[in-house]
Chemist: 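Have a look at this one.
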Amino acid sequence: MDNCIDLSQPIAEVLEEHPELKDIFVGLGFKPLNNPAMLATVGKVTSLKTGSRLANIPLNDVKATLFANGYEVKEEQDDK
């Protein structure tokens, strides 16, 4: 299992590869992920980096939570 999370990847793609992260992300404040319609639309075009900014969740909190749960973080690409 690949435990590397790309912060520039759309949230829906991250959750497709790592469905176990959904509850963790919701706990961080990504509440719209509980709505399947939001995940299927906005989640397909919004990266974790952009989503954290839109939800007012510090990116460092997202990174720290991922690290604490055994994931590596990749963020080389810029959001478009």
Side-chain angles (χ1 to χ4, degrees):
M1 179 164 111
D2 181 17
N3 281 345
C4 186
I5 306 300
D6 184 345
L7 297 179
S8 66
Q9 186 178 17
I11 294 171
E13 287 182 21
V14 172
L15 292 179
E16 211 171 277
E17 294 173 17
H18 302 280
E20 69 279 5
L21 288 175
K22 182 178 176 187
D23 290 337
I24 292 170
F25 289 156
V26 170
L28 271 171
F30 291 96
K31 305 292 185 211
L33 296 179
N34 277 326
N35 181 336
M38 288 293 286
L39 182 56
T41 56
V42 177
K44 288 191 176 192
V45 296
T46 304
S47 69
L48 275 168
K49 186 183 280 189
T50 300
S52 71
R53 186 173 60 245
L54 293 172
N56 293 319
I57 301 165
L59 193 57
N60 284 336
D61 290 356
V62 175
K63 292 178 192 177
T65 300
L66 287 169
F67 285 134
N69 283 280
Y71 294 88
E72 294 178 35
V73 175
K74 176 184 172 190
E75 59 172 325
E76 295 173 343
Q77 300 175 11
D78 290 330
D79 285 335
K80 296 180 181 177

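No experiment lies behind these values; they were computed from the predicted model shown. When reading the values below, keep in mind they use all heavy atoms of this one structure, side chains included, and skip hydrogens, waters and symmetry mates.
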Chemist: Got Lys49 and Leu59 here, is their nearest side-chain heavy-atom distance under 4.5 Å?
Modeler: yes

Chemist: With rounding to the nearest 0.5 angstrom, report the NE2 to CG distance, His18 to Leu66.
Modeler: 9.5 Å

Chemist: Using links of under 4.5 Å between side-chain heavy atoms of ILVMFWY residues, direct or through other members, which residues join Met38 in one cluster?
Modeler: Val42

Chemist: Would you call Val62 and Val73 a side-chain contact if the rule is heavy atoms closer than 4.5 Å?
Modeler: no

Chemist: For the atom pair CG (Leu48) and CZ (Phe30), what is the distance rounded to the nearest 0.5 Å?
Modeler: 5.5 Å

Chemist: Is there side-chain contact between Leu7 and Lys63, with at least one heavy-atom pair below 4.5 Å?
Modeler: yes

Chemist: Work out which heavy atom in Ile11 is nearest to a heavy atom in Gly51; give both atom names and the distance.
Modeler: CD1-CA, 4.4 Å

Chemist: Indicate the atoms forming the closest heavy-atom contact of Thr41 with Ala37, along with that distance.
Modeler: OG1-O, 2.8 Å

Chemist: Write down the atom of Pro10, the atom of Gly43, and the distance for their closest heavy-atom approach.
Modeler: CB-O, 3.6 Å

Chemist: Taking a hydrophobic cluster as the set of Ile, Leu, Val, Met, Phe, Trp and Tyr residues connected by side-chain heavy atoms closer than 4.5 Å, whether directly or through intermediates, do Leu21 and Val26 fall within one such cluster?
Modeler: yes

Chemist: Would you say Ile5 and Phe67 make side-chain contact, with heavy atoms under 4.5 Å?
Modeler: no

Chemist: So how far is it from Asp2 CG to Glu17 CD, rounded to the nearest 0.5 Å?
Modeler: 7.5 Å

Chemist: Which heavy atom in Leu15 sits nearest to a heavy atom in Leu39, and how many Å separate them?
Modeler: CD1-CD1, 3.9 Å

Chemist: List the atom of Ser8, the atom of Ser47, and the distance in Å for their closest heavy-atom pair.
Modeler: O-CB, 3.4 Å

Chemist: Might you confirm whether atom NZ of Lys31 has over 12 heavy atoms from other residues, nucleotides or ligands at distances under 6.0 Å?
Modeler: yes

Chemist: Can you name the closest pair of heavy atoms from Thr65 and Leu28 and give their distance?
Modeler: OG1-CD2, 3.5 Å

